[in-house]
Amino acid sequence: MIATMAHRPAATILHADLDAFYASVEQLLDPSLRGRPVAVGGGVVLAASYEAKAYGVSGGMAGWRARQLCPDLVITGGHFRDYQRLGDATIDVLRDVTPLVERISIDEAFLDVTGSVHLFGSPATIAAAIRERVRDELGLPISVGVATTKHLAKVASQVAKPDGLVVVEAGDEARFLEPLPVGLLWGVGPATRTKLADRGIHTIGELGATSPDVLRRLLGQAAGTKLGALATNDDARHVDTGRRARSVGAQSALGRRQATADEVRTALGYLADRVAGRLRGAGQAGRTVTVRVRFPGMRAITRSATFAWAVSSTLTLAEIAFDLVATALEDEPNEHEITLLAISVSHLEPEGELQLELPVEPAERHRPGSPRGAARSATDQAVDRVRERFGRSAVAYARTAFRPDRGVPDDFRELAEHDLDRTA
DNA sequence: TCTGGGGTCCTAGGACCC
DNA sequence: TCTGGGGTCCTAGGACCC
């Protein structure tokens with residue numbers, strides 16, 4: 001074991017990341033948008049072109065704020081099918097280089113090209129070829145970072161943006177990292193950056209020079225240890241082609257709504273339908289149900305319950321979620337309005353394992369093996385089959401006729417969903 | 001004129017078991 | 001006689017990422 005760690009051979013990892021992805025697709029589809037500040041989204045900016053970023057517009061920003069910063073901003077978007085198609089096509093280009101591709105989102109992936117160099121040339125040559133193909137065949141700019149570890153490759157691709165290539169040679173890592181701001185490290189967000197800045201730590205070099213004990217006291221056990229390792233480029237993660245989802249969820253922003261039982265039940269019915277449908281589609285079910293309720297002012301609370309059996313039935317999930325939200329609201333007698341509801345299911349396992357001897361729990365009435373559970377399972381299967389043939393909107397549970405009147409279309413939700421059964 | 005939707009991981013405290 | 005220590009699981013909240 002020790003010998004393996006000490007003599008771990010140097011790998012070559014690429015991180016490929018499409019630039020301002022949704023915005024670039026819009027500029028590709030509509031040439032009149034090229035060279036102009038473009039934001040994809042509406043109430044919230046999902047992606048901003050580099051022309052828009054120059055005005056300070058960025059992802060996650062409220063739409064009115066973006067327009068305020070950039071009066072000429074073109075707000076467009078909604079071509080979610082094209083985003084999916086072009087994201088998939090980019091990943092296909094990467095898979096022509098090596099099967100060792102770990103996709104981490106619609107527009108970004110790691111590649112382990114350690115074994116590809118005698119086929120295709122140096123890592124820099126491979127990276128340049130990838131960029132050229134994506135540019136020529138798909139019409140999109142993509143940045144690539146090359147390094148000996150995943151984490152450093154990701155930092156390198158961020159430094160390469162927009163539309164660039166950065167290669168960090170083995171042995172040159174420390175010199176590359178030292179002057180960079182800590183915020184470029186994976187896992188350093190606003191809160192951590194502030195804590196570090198309060199200690200006078202601004203660069204990765206300064207972070208690496210800080211004692212592990214100090215970092216652990218400042219940031220907690222895990223984060224302190226991890227960041228210290230990243231700052232000194234001690235990252236042994238390998239490219240993983242078969243990661244499985246650990247939870248499945250859905251949420252809906254509601255505007256400001258009275259938290260009446262009817263409003264809550266309707267919204268939860270819609271969310272439960274999405275979540276349970278995806279679970280069944282992947283042949284999975286989950287033992288833990290978590291709900292989240294957000295109030296005006298962005299404060300949010302969560303409530304969860306874990307059972308001895310796993311849930312995948314739409315109506316059962318909806319009932320459990322309703323009970324959880326009801327108790328959460330009872331704990332908040334001063335809140336009368338809500339702005340968001342969410343359902344998430346975790347502790348996933350294969351669906352449909354019959355469990356006979358079950359402990360009696362308060363929520364026992366939800367148990368899938370009961371007569372009612374069997375009826376629900378049959379209903380779910382019938383609905384799933386109709387939808388397979390005729391599409392999602394062909395049939396709905398009575399409670400799920402809810403259409404979120406604000407928020408995003410279902411196409412976007414599907415785009416953001418992570419694959420439940422991504423196997424090698 | 002307070003802001004989307006999909007996730008992952010960590011922490012702290014408590015229950016419970018041996 | 002009221003006292004140890006370790007482990008696991010669960011819950012709620014928070015930070016972070018795309």
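Proteins come first, then strands; the chains are lettered A, B, ... in the order of their sequence lines, and each starts at number 1. Since we're looking at a predicted model, the values are computed, not measured.
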Would you say a side-chain N or O of [X] is under 4.0 Å from OP1 or OP2 of [N]?
{"X": "A:Arg413", "N": "B:dG6", "result": "yes"}
{"X": "A:Arg287", "N": "C:dC10", "result": "yes"}
{"X": "A:Ser304", "N": "C:dC10", "result": "no"}

- In terms of side-chain heavy atoms, does A:Arg216 have a donor or acceptor partner in A:Thr225 at a distance below 3.5 Å?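 Indeed, the side chains of A:Arg216 and A:Thr225 share at least one donor-acceptor pair under 3.5 Å.
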
Looking across every strand, which nucleic acid part, if any, lies under 4.0 Å from [X] by heavy atom: base, sugar-phosphate, or nothing?
{"X": "A:Arg299", "value": "nothing"}
{"X": "A:Ala342", "value": "nothing"}
{"X": "A:Arg65", "value": "nothing"}
{"X": "A:Gly60", "value": "base"}
{"X": "A:Lys154", "value": "sugar-phosphate"}
{"X": "A:Leu185", "value": "sugar-phosphate"}
{"X": "A:Pro296", "value": "nothing"}
{"X": "A:Thr339", "value": "nothing"}

Under the salt bridge (charged side-chain N to carboxylate O under 4.0 Å, His left out) test, which residues partner A:Arg292, sequence neighbours left out?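 For A:Arg292, no residue satisfies salt bridge (charged side-chain N to carboxylate O under 4.0 Å, His left out) once neighbours in sequence are set aside.
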
Inset, instruction - For A:Arg294, check salt bridge (charged side-chain N to carboxylate O under 4.0 Å, His left out) against everything at least two apart and list the hits. - result: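 A:Arg294 satisfies salt bridge (charged side-chain N to carboxylate O under 4.0 Å, His left out) with no other residue.
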
Tell me the interatomic distance from [X], atom [atom1], to [N], atom [atom2], rounded to whole angstroms.
{"X": "A:His347", "N": "C:dT11", "atom1": "NE2", "atom2": "C1'", "value": "11 Å"}
{"X": "A:Phe80", "N": "B:dG6", "atom1": "CZ", "atom2": "P", "value": "12 Å"}
{"X": "A:Met61", "N": "B:dC2", "atom1": "CE", "atom2": "C1'", "value": "13 Å"}
{"X": "A:Ile343", "N": "B:dG5", "atom1": "CD1", "atom2": "C1'", "value": "14 Å"}
{"X": "A:Arg67", "N": "B:dC2", "atom1": "CZ", "atom2": "P", "value": "13 Å"}

### Contact list for residues 82-92 of chain A, test salt bridge (charged side-chain N to carboxylate O under 4.0 Å, His left out), sequence neighbours left out
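Matches after skipping sequence neighbours: A:Asp82-A:Arg85, A:Asp88-A:Arg103.
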
Problem set entry | salt bridge (charged side-chain N to carboxylate O under 4.0 Å, His left out): pairs with one or both residues in residues 328-345 of chain A, sequence neighbours excluded |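 Every salt bridge (charged side-chain N to carboxylate O under 4.0 Å, His left out) pair that includes a residue of residues 328-345 of chain A, provided the two are not neighbours, is A:Arg256-A:Glu337, A:Arg299-A:Glu332, A:Arg299-A:Glu335, A:Arg303-A:Asp331.
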
What I want to find out is whether A:Lys150 reaches A:Asp112 closely enough, with some N-O distance under 4.0 Å, to be called a salt bridge.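 A:Asp112 and A:Lys150: not salt-bridged.
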
Short N/O separations, protein against nucleotides 7-9 of chain B, under 3.5 angstrom:
| residue | atom | partner | partner atom | Å |
| --- | --- | --- | --- | --- |
| B:dG7 | OP1 | A:Arg278 | NH1 | 2.4 |
| B:dG7 | OP1 | A:Arg278 | NH2 | 2.5 |
| B:dG7 | OP2 | A:Gly249 | N | 2.7 |
| B:dG7 | OP2 | A:Gly249 | O | 3.1 |
| B:dT8 | OP1 | A:Arg246 | N | 2.7 |
| B:dT8 | OP2 | A:Ser247 | N | 3.3 |
| B:dT8 | OP2 | A:Ser247 | OG | 2.4 |
| B:dC9 | OP2 | A:Arg246 | NE | 3.1 |

List the atom pairs, with distances to 0.1 Å, where a side-chain N or O of residues 70-81 of chain A and a protein N or O form a donor-acceptor pair under 3.5 Å, not counting sequence neighbours.
| residue | atom | partner | partner atom | Å |
| --- | --- | --- | --- | --- |
| A:His79 | ND1 | A:Glu26 | OE1 | 3.0 |
| A:His79 | ND1 | A:Glu26 | OE2 | 3.0 |
| A:Arg81 | NH2 | A:Asp411 | OD1 | 2.8 |

Point to revise | Residue whose nearest DNA chain B nucleotide is more 5′ - A:Ala223 or A:Gln251 | key: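 Checking each residue's closest nucleotide, the 5'-ward one belongs to A:Gln251.
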
- For A:His15, all residues meeting ring-ring contact (aromatic ring centres under 6.0 Å, His included), sequence neighbours excluded: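 So A:His15 forms a ring-ring contact (aromatic ring centres under 6.0 Å, His included) with A:Phe110.
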
Readout for nucleotides 12-18 of chain B: B = base within 4.0 Å of protein heavy atom, S = sugar-phosphate only, - = neither; 5' to 3' it is -------

Measuring from A:Asn233:CG to A:His151:NE2, what's the distance to the nearest 0.5 Å?
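The distance works out to 9.0 Å.
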
Show me, pair by pair, the donor-acceptor contacts under 3.5 angstrom made by side chains of residues 184-202 of chain A, not counting sequence neighbours?
| residue | atom | partner | partner atom | Å |
| --- | --- | --- | --- | --- |
| A:Thr194 | OG1 | A:Pro190 | O | 2.9 |

Residues touching DNA chain C, which here means a heavy atom under 4.0 Å, drawn from residues 176-184 of chain A: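 Heavy-atom cutoff 4.0 Å gives no residues at all.
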
Residues within residues 43-53 of chain A bordering DNA chain B, heavy-atom distance below 4.0 Å =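 Heavy-atom contacts with DNA chain B come from A:Val44, A:Leu46.
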
Report task. Counting Watson-Crick and G-U wobble pairs whose two distances are both under 3.5 Å, find the runs of 3 or more in a row that involve DNA chain C. Result ->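 Stems (3+ consecutive pairs) listed as B:5-18 with C:5-18.
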
